[in-house]
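Everything numeric here is computed off the predicted structure, so don't read it as measured data. Computed over heavy atoms, backbone and side chain alike; hydrogens, waters and symmetry mates excluded.
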Amino acid sequence: MVAMERTAIFPGSFNPFTIGHKSIVERALPLFDRIVIALGYNESKNSADDRAEREARVRIISGYFQDEDKIEVMSYSGLTVDFARRIGARFILRGVRDVADFENERKLADINRELSGIETVLMLALPCHGFISSSMVRELRHNGYDVSSYLP
Ligand code: ADP
(Lines give C-alpha, C1' and ligand atoms only; values in the text may rest on other atoms or scores of the structure.)
Protein backbone atom coordinates (compact mmCIF):
# COMPACT_ATOMS: atom_id res chain seq x y z
CA MET A 1 0.00 0.00 0.00
CA VAL A 2 1.39 3.42 -0.97
CA ALA A 3 0.46 6.04 1.62
CA MET A 4 0.77 8.92 -0.83
CA GLU A 5 -1.75 7.60 -3.30
CA ARG A 6 -5.18 9.20 -3.18
CA THR A 7 -7.18 6.69 -1.22
CA ALA A 8 -10.71 7.41 -0.07
CA ILE A 9 -12.93 5.31 2.10
CA PHE A 10 -16.65 5.22 1.46
CA PRO A 11 -18.02 4.23 4.87
CA GLY A 12 -21.58 3.16 5.58
CA SER A 13 -23.85 0.46 6.88
CA PHE A 14 -24.85 -0.59 3.35
CA ASN A 15 -27.71 -2.68 4.67
CA PRO A 16 -28.27 -3.20 1.81
CA PHE A 17 -25.92 -1.55 -0.72
CA THR A 18 -28.21 0.24 -3.21
CA ILE A 19 -27.89 1.70 -6.70
CA GLY A 20 -27.55 5.08 -4.95
CA HIS A 21 -24.40 3.90 -3.16
CA LYS A 22 -23.02 2.36 -6.35
CA SER A 23 -23.54 5.57 -8.28
CA ILE A 24 -21.61 7.58 -5.67
CA VAL A 25 -18.63 5.20 -5.86
CA GLU A 26 -18.58 5.11 -9.66
CA ARG A 27 -18.90 8.86 -10.08
CA ALA A 28 -16.16 9.52 -7.49
CA LEU A 29 -13.75 7.04 -9.05
CA PRO A 30 -12.00 9.58 -11.34
CA LEU A 31 -11.06 11.61 -8.24
CA PHE A 32 -9.16 8.85 -6.46
CA ASP A 33 -6.54 6.15 -7.05
CA ARG A 34 -8.37 3.76 -4.79
CA ILE A 35 -11.75 3.67 -3.07
CA VAL A 36 -12.30 1.32 -0.15
CA ILE A 37 -15.97 0.67 0.49
CA ALA A 38 -15.97 0.29 4.25
CA LEU A 39 -18.83 -1.55 5.85
CA GLY A 40 -19.02 -0.29 9.42
CA TYR A 41 -20.34 -2.50 12.17
CA ASN A 42 -20.91 -2.35 15.86
CA GLU A 43 -18.38 -4.24 18.00
CA SER A 44 -21.23 -5.68 20.06
CA LYS A 45 -22.63 -7.42 16.97
CA ASN A 46 -20.00 -10.08 16.70
CA SER A 47 -21.75 -13.41 16.98
CA ALA A 48 -20.94 -16.07 14.39
CA ASP A 49 -24.22 -15.19 12.63
CA ASP A 50 -23.39 -11.47 12.57
CA ARG A 51 -19.95 -12.22 11.16
CA ALA A 52 -21.33 -14.54 8.50
CA GLU A 53 -23.96 -11.98 7.50
CA ARG A 54 -21.30 -9.27 7.28
CA GLU A 55 -18.98 -11.41 5.21
CA ALA A 56 -21.85 -12.21 2.86
CA ARG A 57 -22.60 -8.51 2.45
CA VAL A 58 -18.91 -7.77 1.73
CA ARG A 59 -18.92 -10.54 -0.88
CA ILE A 60 -22.08 -9.20 -2.54
CA ILE A 61 -20.69 -5.66 -2.75
CA SER A 62 -17.31 -6.95 -4.02
CA GLY A 63 -19.20 -8.77 -6.75
CA TYR A 64 -20.64 -5.49 -8.04
CA PHE A 65 -17.11 -4.19 -8.65
CA GLN A 66 -15.19 -7.29 -9.63
CA ASP A 67 -13.96 -5.70 -12.87
CA GLU A 68 -12.73 -2.54 -11.15
CA ASP A 69 -9.35 -2.99 -9.48
CA LYS A 70 -9.38 0.49 -7.90
CA ILE A 71 -12.25 -0.55 -5.63
CA GLU A 72 -11.98 -2.74 -2.54
CA VAL A 73 -14.56 -3.73 0.04
CA MET A 74 -13.70 -4.19 3.72
CA SER A 75 -15.55 -4.19 7.02
CA TYR A 76 -14.49 -2.35 10.15
CA SER A 77 -15.61 -1.55 13.66
CA GLY A 78 -14.68 1.44 15.77
CA LEU A 79 -14.16 4.99 14.57
CA THR A 80 -14.19 5.63 10.84
CA VAL A 81 -11.14 7.92 11.07
CA ASP A 82 -9.13 5.23 12.88
CA PHE A 83 -9.94 2.76 10.14
CA ALA A 84 -9.13 5.36 7.47
CA ARG A 85 -5.72 6.01 9.05
CA ARG A 86 -5.00 2.27 9.37
CA ILE A 87 -5.39 1.78 5.65
CA GLY A 88 -3.69 5.03 4.62
CA ALA A 89 -6.81 6.83 3.38
CA ARG A 90 -6.69 10.63 3.38
CA PHE A 91 -10.28 11.18 2.30
CA ILE A 92 -13.74 10.09 3.35
CA LEU A 93 -16.33 9.94 0.59
CA ARG A 94 -20.01 10.41 1.44
CA GLY A 95 -23.21 10.89 -0.52
CA VAL A 96 -25.75 13.68 -0.06
CA ARG A 97 -29.39 13.32 -1.07
CA ASP A 98 -31.00 16.31 0.59
CA VAL A 99 -30.63 19.04 3.19
CA ALA A 100 -31.04 16.58 6.05
CA ASP A 101 -28.14 14.50 4.70
CA PHE A 102 -26.10 17.65 4.23
CA GLU A 103 -26.53 18.83 7.83
CA ASN A 104 -25.68 15.39 9.10
CA GLU A 105 -22.67 15.02 6.83
CA ARG A 106 -21.35 18.45 7.69
CA LYS A 107 -21.25 17.58 11.40
CA LEU A 108 -19.57 14.26 10.71
CA ALA A 109 -17.05 15.90 8.37
CA ASP A 110 -16.20 18.56 10.95
CA ILE A 111 -15.64 16.09 13.79
CA ASN A 112 -13.64 13.76 11.55
CA ARG A 113 -11.42 16.61 10.34
CA GLU A 114 -10.96 17.78 13.94
CA LEU A 115 -9.97 14.29 15.07
CA SER A 116 -7.66 13.34 12.25
CA GLY A 117 -7.20 16.00 9.58
CA ILE A 118 -8.94 13.67 7.15
CA GLU A 119 -11.10 15.61 4.70
CA THR A 120 -14.55 14.53 3.61
CA VAL A 121 -15.61 14.77 -0.01
CA LEU A 122 -19.37 15.02 -0.54
CA MET A 123 -20.89 13.81 -3.78
CA LEU A 124 -24.44 14.81 -4.65
CA ALA A 125 -26.86 11.97 -5.29
CA LEU A 126 -28.32 11.78 -8.76
CA PRO A 127 -31.85 13.26 -8.73
CA CYS A 128 -33.26 9.86 -9.63
CA HIS A 129 -31.63 8.31 -6.53
CA GLY A 130 -32.71 10.99 -4.08
CA PHE A 131 -35.49 8.92 -2.54
CA ILE A 132 -33.61 5.63 -2.27
CA SER A 133 -32.42 4.59 1.17
CA SER A 134 -31.35 1.27 2.65
CA SER A 135 -34.06 1.55 5.29
CA MET A 136 -36.74 2.04 2.60
CA VAL A 137 -35.44 -1.02 0.75
CA ARG A 138 -35.49 -3.08 3.96
CA GLU A 139 -39.05 -1.96 4.75
CA LEU A 140 -40.34 -2.77 1.25
CA ARG A 141 -38.57 -6.13 1.23
CA HIS A 142 -39.96 -6.97 4.65
CA ASN A 143 -43.45 -6.35 3.28
CA GLY A 144 -42.96 -8.57 0.28
CA TYR A 145 -42.29 -5.94 -2.37
CA ASP A 146 -39.81 -6.48 -5.20
CA VAL A 147 -36.83 -4.24 -4.48
CA SER A 148 -34.60 -5.43 -7.31
CA SER A 149 -34.80 -2.11 -9.16
CA TYR A 150 -33.10 -0.40 -6.18
CA LEU A 151 -30.25 -2.89 -5.98
CA PRO A 152 -27.27 -3.04 -8.36
P1 ADP B 1 -24.81 5.43 7.21
O2 ADP B 1 -25.49 4.50 8.16
O3 ADP B 1 -23.38 5.70 7.55
O4 ADP B 1 -25.57 6.67 6.83
P5 ADP B 1 -25.61 4.33 4.65
O6 ADP B 1 -25.25 2.96 4.19
O7 ADP B 1 -27.04 4.61 4.92
O8 ADP B 1 -24.69 4.54 5.92
O9 ADP B 1 -25.08 5.43 3.64
C10 ADP B 1 -23.72 5.57 3.31
C11 ADP B 1 -23.52 6.85 2.52
O12 ADP B 1 -24.25 6.79 1.31
C13 ADP B 1 -24.03 8.11 3.23
O14 ADP B 1 -23.16 9.18 2.95
C15 ADP B 1 -25.38 8.34 2.62
O16 ADP B 1 -25.74 9.71 2.67
C17 ADP B 1 -25.13 7.90 1.20
N18 ADP B 1 -26.33 7.45 0.52
C19 ADP B 1 -27.31 6.66 0.99
N20 ADP B 1 -28.27 6.46 0.08
C21 ADP B 1 -27.88 7.17 -1.03
C22 ADP B 1 -28.48 7.41 -2.32
N23 ADP B 1 -29.66 6.89 -2.66
N24 ADP B 1 -27.81 8.19 -3.19
C25 ADP B 1 -26.63 8.73 -2.84
N26 ADP B 1 -26.02 8.57 -1.64
C27 ADP B 1 -26.65 7.79 -0.73
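Using a 4.5 Å cut-off between side-chain heavy atoms of Ile, Leu, Val, Met, Phe, Trp and Tyr, with links allowed through other members, Val121 and Leu29 fall into the same hydrophobic cluster. Connection of Met136 to Phe14 is not established within any shared hydrophobic cluster, with ILVMFWY side chains joined at heavy-atom distances below 4.5 Å, either directly or through further cluster members. A continuous path of Ile, Leu, Val, Met, Phe, Trp and Tyr side chains, each step under 4.5 Å between heavy atoms, connects Ile37 with Val58, placing both in one hydrophobic cluster. Residues Tyr64 and Ile71 fall within the same hydrophobic cluster, defined by Ile, Leu, Val, Met, Phe, Trp and Tyr side chains chained together at heavy-atom separations under 4.5 Å. Linking ILVMFWY residues whenever their side-chain heavy atoms come closer than 4.5 Å, directly or via other members, leaves Val137 and Ile61 in distinct clusters.
Side-chain contact between Arg34 and Arg6: absent, with no pair of heavy atoms (C-beta onward) separated by less than 4.5 Å. Taking 4.5 Å as the limit, some side-chain heavy atom of Ile87 sits within range of a side-chain heavy atom of Phe83. Residues Thr120 and Leu108 are not in side-chain contact: their nearest non-hydrogen atoms beyond the backbone lie 4.5 Å or more apart. Using a 4.5 Å heavy-atom cutoff, the side chains of His129 and Arg97 are not in contact. Between Arg85 and Ile118 there is a side-chain heavy-atom pair separated by less than 4.5 Å. With contacts defined as side-chain heavy-atom distances shorter than 4.5 Å, the pair Leu93/Ile9 does not qualify. Between Thr7 and Asp33 the shortest side-chain heavy-atom distance does not fall below 4.5 Å. Put simply, the side chain of Ile111 does not reach to within 4.5 Å of the side chain of Val81, judged on heavy atoms.
Asn112 CG to Arg94 CZ: the interatomic distance, rounded to the nearest 0.5 Å, is 9.0 Å. For the atom pair OG of Ser62 and CZ of Arg57, the computed distance is 12.5 Å after rounding to the nearest 0.5 Å. To the nearest 0.5 Å, atoms OG (Ser149) and CD1 (Ile19) are separated by 6.5 Å. Atoms CG and CD, on Asp50 and Glu55 in that order, are 11.0 Å from each other to the nearest 0.5 Å. With rounding to the nearest 0.5 Å, the separation of CG in Leu151 from CD1 in Ile60 is 9.0 Å. To the nearest 0.5 angstrom, Leu122 atom CG is 6.0 Å from Glu105 atom CD.
With respect to Leu39, the side-chain contact (heavy atoms from CB on, under 4.5 Å) criterion is satisfied by exactly one of Ser75, Ser77, Pro11: Ser75. For the salt bridge (charged side-chain N to carboxylate O under 4.0 Å, His left out) with Asp110, the qualifying choice from Arg113, Arg106, Lys107 is Arg113, the only one to do so.
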Open item on the list: Between Phe131 and Tyr150, does the side chain to side chain contact (heavy atoms under 4.5 Å, CB included) criterion hold? Intermediate values first, please.
Closed with: CA-CA 10 Å; Phe131 69 98; Tyr150 305 124; 3.9 Å; yes
Task: Derivation and outcome, side chain to side chain contact (heavy atoms under 4.5 Å, CB included), residues Ile132 and Thr18 - done: CA-CA 8 Å; Ile132 300 172; Thr18 68; 3.9 Å; yes
Open item on the list: Does Phe65 form a side chain to side chain contact (heavy atoms under 4.5 Å, CB included) with Lys70? I'd like the steps, not just the answer.
Closed with: CA-CA 9 Å; Phe65 299 104; Lys70 286 167 67 179; over 6 Å; no
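Asp82 places no side-chain N or O within 3.5 Å of a backbone atom of Gly78 that could act as its donor or acceptor partner. With hydrogens and angles ignored, the 3.5 Å screen pairs a side-chain donor or acceptor of Asp146 with a backbone N or O of Ser148. Side-chain atoms of Asn42 do not come within 3.5 Å of backbone N or O of Lys45 as any donor-acceptor pair.
In terms of heavy-atom proximity, Phe10 sits nearest to Ile35 at CB-CG2, 4.2 Å. Taking both residues in full, the closest heavy atoms of Asn46 and Arg51 are given as O-NH1, 2.7 Å, listed atom of the first, atom of the second, then distance. For Pro16 against Arg138, the heavy-atom pair with the smallest separation is CD-CG, 4.0 Å. Nearest heavy atoms, Leu124 versus Arg27: O-NH2, 2.9 Å.
For the 3.5 Å distance criterion, the side chains of Ser13 and Asn15 fail to qualify, holding no donor opposite an acceptor. For the residue pair Asp49 / Ser47, no side-chain donor-acceptor distance below 3.5 Å is found, with atom types taken as modelled.
Ring orientation note: the planes of Phe32 and Phe91 are tilted relative to one another, at an angle of 30° to 60°.
By the 6.0 Å and 45° rule, Arg54 stacks over the aromatic ring of Tyr41.
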